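The structure appears right after this line, and notes come after that.
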Amino acid sequence: PKYLANFAEWHTLSIHVQWQLIRKALNNRHSQLITQYAELNNVLDLRLKPDVQQAMKNVEKQLKDFERDREKLYVEYSRKI
């Protein structure tokens with residue numbers, strides 16, 4: 001929402017429409033992270049590939065951060081609607 005607030009059009013949308021767009025973006029990002037994690041998880045013989053293990057840890061961290069941010073947005077927009 002902070003990035004989108006830079007655009008004048010964003011302010012012309014109702015809070016409900018803003019929230020719907022944010023939810024759609026959150027769902028897209030979640031799908032991207034899950035897909036990325038699944039692709040890394042399907043690599044054969046992970047013990048021989050420490051780079052892939054590190055990449056999986058990075059995606060796990062991004063997923064945790066994403067969940068935290070999503071919860072904050074749900075709380076913020078539930079107050080506005």
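In this text the structure is predicted, and so the values were computed from the model without any measurement.
Partners of Arg29 under the side chain to side chain contact (heavy atoms under 4.5 Å, CB included) rule, at least two apart in sequence or in another chain, are Gln32, Leu33, Gln62, Phe66. Partners of Glu67 by side chain to side chain donor-acceptor pair (under 3.5 Å), not counting sequence neighbours, listed by chain and number: Arg70.
Ile81 and Val75 fall into different hydrophobic clusters, where Ile, Leu, Val, Met, Phe, Trp and Tyr residues are linked whenever their side-chain heavy atoms come under 4.5 Å apart, directly or through other members. In the hydrophobic clustering of ILVMFWY residues, with side-chain heavy atoms under 4.5 Å counting as a link, Leu73 and Ile15 come out together. Val59 and Leu44 fall into different hydrophobic clusters, where Ile, Leu, Val, Met, Phe, Trp and Tyr residues are linked whenever their side-chain heavy atoms come under 4.5 Å apart, directly or through other members. Residue Tyr3 is grouped with residue Ile22 when hydrophobic side chains (ILVMFWY) are merged at heavy-atom distances under 4.5 angstrom, including chains of intermediate members.
Applying side chain to side chain contact (heavy atoms under 4.5 Å, CB included) to Glu39 and the options Thr35, Asn42, Asn41 leaves one that passes, Thr35.
The shortest non-hydrogen separation linking Leu46 to Val52 is CD2-CG1, 3.3 Å. In this structure, Leu4 and Trp10 approach most closely via the heavy-atom pair O-CB, 3.1 Å.
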Intermediate values then yes/no, side chain to side chain contact (heavy atoms under 4.5 Å, CB included), Gln18 and Tyr77: CA-CA 9 Å; Gln18 288 179 2; Tyr77 275 84; 3.7 Å; yes
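Inter-residue side-chain proximity for Val43 and Met56 is flagged as unmet; no heavy-atom pair is nearer than 4.5 Å. Using a 4.5 Å cut-off on side-chain heavy atoms (C-beta onward), Arg68 and Asp65 make contact. Side-chain contact check for Ile34 versus Ser31: every heavy-atom pair is 4.5 Å or farther apart.
More than 12 heavy-atom neighbours from other residues, nucleotides or ligands sit within 6.0 angstrom of NE2 on His30.
Classification of Glu60 and Lys64 as a salt-bridged pair fails, no side-chain N sitting under 4.0 Å from a carboxylate O.
Ring geometry for Tyr74 against Trp19 counts as perpendicular: the plane angle is over 60°, on a 0 to 90° scale with 30° as the lower cut.
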